[in-house]
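Just so you know, these numbers use all the heavy atoms, side chains as well, and skip hydrogens, waters and symmetry mates. In each ligand, atom 1 is the first atom listed, and ligand 1 is the first ligand listed. Start at 1 with the first residue, then count along the sequence. If you're wondering where the values come from, they're calculated on a predicted model, not measured in any experiment.
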Amino acid sequence: MPLVTSKEMFRKAYEGGYAIGAFNVNNMEIVQGITEAAKEVSAPLILQVSAGARKYAKHVYLMKLIEAAIEDTGLPICVHLDHGDDFEICRSCIDGGFTSVMIDGSKHAFADNITLTRQVVAYAHARGVVVEGELGKLAGIEDDVNVSDEDASYTNPAQVEEFVTKTGVDSLAIAIGTSHGAYKFKPGQKPQLRFDILEEIQQRLPGFPIVLHGASSVIPELVAKINNYGGKMPDAIGIPEEMLRKAARMAVCKINIDSDLRLAMTASVREYFGLHPDHFDPRQYLAPARTAIRDLVRHKLVDVLGCDGKA
Ligand code: G3H
Ligand code: 13P
Ligand code: ZN
């Protein structure tokens with residue numbers, strides 16, 4: 001099984017009322033944990049790489065790790081650039097073998113977002129690569145971009161048809177109240193998503209795949225474990241799983257999860273050193289961290305996204 005684009009995955013997910021998990025990868029243990037889970041439950045996968053991940057691990061290492069995972073598991077896997085900031089990074093990832101890129105022009109004015117996205121689509125489609133665009137701004141932190149709550153804005157449904165038609169994108173990320181990172185809602189605030197906006201977008205773009213970023217649930221047990229073993233995380237509230245299940249039944253075909261993986265890995269490593277303060281072999285603490293990622297991803301695939309058995 002070679003690397004695949006997300007085209008077929010999204011078509012089947014839309015029809016089947018489920019979503020594909022898009023998980024961020026930064027090193028070998030994360031790639032292995034995610035792909036082991038997907039193999040166990042026979043789920044299609046999107047592994048996504050941010051600019052920060054490329055800086056940390058280098059493009060070629062991540063690409064080779066993902067190729068190794070495909071050889072090892074035989075799964076259909078799409079390699080996707082997460083939050084491409086400009087044409088250059090998209091071009092570099094396309095030339096470097098990615099099958100999907102996101103051009104995140106959401107910080108630009110509508111017309112400039114269209115121009116930039118269209119340029120990426122032309123380059124990508126000529127090479128068999130698919131493109132995700134974004135309309136609306138999510139709050140939170142990704143790499144060097146920090147969008148404050150005041151600057152965040154919901155997607156305007158009245159703009160989606162023009163954006164999709166003029167750019168030719170294959171999928172669209174929207175802002176309906178999710179945000180990046182572990183601190184998505186203020187303490188005491190009730191998590192809420194604008195399903196009315198999603199519904200209107202779905203009506204305006206029938207059959208078109210929608211993407212949800214910032215979809216970690218910030219699982220309380222993981223935060224509690226981190227704090228039990230010396231961490232000092234403030235209260236954190238994520239997106240309730242029931243809301244993600246609902247989105248997956250609607251037009252949302254791709255759900256992005258990174259923070260929950262970070263929490264799972266950190267909780268495991270902290271627990272390990274809490275129990276074994278004298279150990280120093282990295283394999284001893286990275287093996288359980290990899291298992292923690294596997295278990296978390298299996299839970300997401302089966303209990304939240306509903307894409308198990310769909311590979
Ligand atoms: O949306 C952002 C992802 O969580 C990636 O985070 O840019 O720190 O790698 P990163
Ligand atoms: P979380 O921070 O909620 O995991 O979102 C990840 C994401 O959207 C990656 O693009
Ligand atoms: Zn994102």
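With a 4.0 Å heavy-atom cut-off, ligand 1 is reached by the side chain of Arg262 but not by its N, CA, C or O. Counting heavy atoms under 4.0 Å from ligand 1, residue His213 does not touch it at all.
Classification of the Tyr123-Phe87 ring pair by plane angle, with boundaries at 30° and 60°, yields perpendicular.
In summary, the atoms of ligand 1 found under 4.0 Å from a heavy atom of Asn24, numbered by their order in the structure, are 3 (C), 5 (C). Less than 4.0 angstrom separates some heavy atom of His83 from each of these atoms of ligand 1: 1 (O). Each of the atoms 3 (C), 4 (O), 5 (C), 6 (O) of ligand 1 lies under 4.0 Å from some heavy atom of Asp258.
At a heavy-atom cutoff of 4.0 Å, ligand 2 is surrounded by Asn24, Gln48, Asp82, His83, Ser179, His180, Gly181, Lys184, His213, Gly214, Ala215, Ser216, Asn256, Ile257, Asp258, Ser259.
The Zn ion (ligand 3) sits nearest to atom NE2 when only the N, O or S atoms of His83 are considered. The N, O or S atom of His213 lying closest to the Zn ion (ligand 3) is ND1.
Contact annotation: the side chain of Val223 approaches that of Leu263 to within less than 4.5 Å [non-hydrogen atoms, C-beta and beyond].
The heavy atom nearest to atom 9 (O) of ligand 1, considering only Gly181, Ser50, Ser179, is found in Ser50.
No N or O atom of Asn26 sits closer than 3.5 Å to an N or O atom of ligand 1.
Across Lys39, Glu29, Gln32, Glu40, a single residue satisfies side chain to side chain contact (heavy atoms under 4.5 Å, CB included) together with Arg294, and that is Glu40. Among Glu134, Met102, Lys254, Glu132, the one residue that satisfies the side chain to side chain contact (heavy atoms under 4.5 Å, CB included) test with Ser171 is Glu132. Among Thr35, Ile293, Leu47, Asp258, the one residue that satisfies the side chain to side chain contact (heavy atoms under 4.5 Å, CB included) test with Val25 is Leu47.
Tyr61 shares a hydrophobic cluster with Val60; the chain of contacts runs through ILVMFWY side chains whose heavy atoms sit under 4.5 Å apart.
Judged by the 6.0 Å distance and 45° axis criteria, Lys190 is not positioned over the aromatic ring of Phe185.
Among residues at least two apart or in separate chains, ring-ring contact (aromatic ring centres under 6.0 Å, His included) pairs with a member in residues 262-304 are Tyr272-His276, Tyr272-His279, Phe273-Tyr285, His276-His279. Among pairs with a residue in residues 266-279, those fulfilling salt bridge (charged side-chain N to carboxylate O under 4.0 Å, His left out) read Lys225-Glu271, at least two apart in sequence or across chains.
To the nearest 0.5 Å, atom CD1 of residue Ile197 and atom CD of residue Glu199 are 11.5 Å apart.
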